[in-house]
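Step one of this worksheet: look at the structure below.
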Amino acid sequence: MMLQILKSKIHRVTVTEARLDYIGSITIDRDLLDAAGILPGERVYIVDNNNGERFDTYTIEGPRGSGVICLNGAAARKVQVGDIVIIMAYAFMTPEEARTFTPAVIFPDTATNRLVIG
């Protein structure tokens, strides 16, 4: 049996852009992707703390250090610029793997969407 377990979480970042004129996805600062262990093209689940929306899409790499969190395409209708979102990725694991697995969880500064060092 395989279980779907939280693999990575970017906890509480601020939406900087919402672009309806794109085919879909979420653009995320590459520094945040790397810190959370999320790959470009990986499926992620997004929770909007401001309006309760929950949806999934795939990631696109944004410029390093930019702080960009941009919802593209249809997902742009589910958020407003300035909303606080949580971004999560899951992985399939056996129960044995899941018992010892520790997810990567990062807590960026919500004002800048940049990693907090220290």
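Along the sequence shown, the residues carry numbers beginning at 1.
- Within a 6.0 Å radius of CD in Gln80, other residues, nucleotides and ligands contribute 12 heavy atoms or fewer.
- Partners of Thr59 according to the side chain to side chain contact (heavy atoms under 4.5 Å, CB included) rule, which considers only residues two or more places apart in sequence or in another chain, are Ile26, Ile28, Leu33, Ile38, Glu42, Val44.
- Looking at Tyr90 and Tyr45, their side chains come closer than 4.5 Å, going by heavy atoms from C-beta outward.
- A 4.5 Å side-chain heavy-atom check between Asn113 and Asp29 finds every atom pair outside the cut-off.
- Apart from Met93 itself, the hydrophobic cluster it occupies contains Met1, Leu3, Ile5, Phe101, where clustering links Ile, Leu, Val, Met, Phe, Trp and Tyr at side-chain heavy-atom distances under 4.5 Å.
- Residue Leu39 is found outside any hydrophobic cluster, as its side-chain heavy atoms come under 4.5 Å of no other Ile, Leu, Val, Met, Phe, Trp or Tyr.
- Counting heavy atoms from C-beta on, the side chains of Val47 and Val85 never come closer than 4.5 Å.
- Here the side chains of Pro108 and Arg12 are not in contact, with every heavy-atom distance at 4.5 Å or above.
- Side-chain atoms of Asp83 and Asn51, non-hydrogen and from C-beta on, do get closer than 4.5 Å to each other.
- The closest donor-acceptor contact from the side chain of Thr94 to the backbone of Met2 lies at 3.5 Å or more, if one exists at all.
- Of all the heavy atoms in Thr110 and Thr14, the pair that sits closest is O-OG1, 2.5 Å.
- Taking 4.5 Å as the limit, some side-chain heavy atom of Asn49 sits within range of a side-chain heavy atom of Ile86.
- Interatomic distance, OG1 of Thr27 versus CG of Leu71, reported as 8.5 Å (0.5 Å rounding).
- A continuous path of ILVMFWY side-chain contacts below 4.5 Å connects Ile87 to Phe55, so both sit in one hydrophobic cluster.
- Between Tyr22 and Leu20, every side-chain heavy-atom pair lies at or beyond the 4.5 Å cut-off.
- Minimum interatomic distance between Ala36 and Ser8 (heavy atoms only, all atoms of both residues): O-OG, 2.6 Å.
- Of all heavy-atom pairs spanning Ala35 and Ala104, the tightest one is O-CB, 4.3 Å.
- Linking ILVMFWY side-chain heavy atoms closer than 4.5 Å, directly or via other members, places Val68 and Leu32 in two distinct hydrophobic clusters.
- When all heavy atoms of Met88 and Leu6 are compared, the closest pair comes out as CB-CD1, 3.8 Å.
- Under a 4.0 Å N-O distance rule, the pair Asp56/Arg43 qualifies as a salt bridge.
- Scanning all heavy atoms of the two residues, the minimum distance from Ser66 to Pro63 falls at OG-O, 2.7 Å.
- The shortest side-chain heavy-atom distance between Val15 and Asn50 does not fall under the 4.5 Å cut-off.
- The pair Arg64-Asp31 counts as a salt bridge, with a side-chain nitrogen and a carboxylate oxygen less than 4.0 angstrom apart.
- At least one donor-acceptor pair under 3.5 Å links the side chain of Arg114 to the backbone N or O of Thr112.
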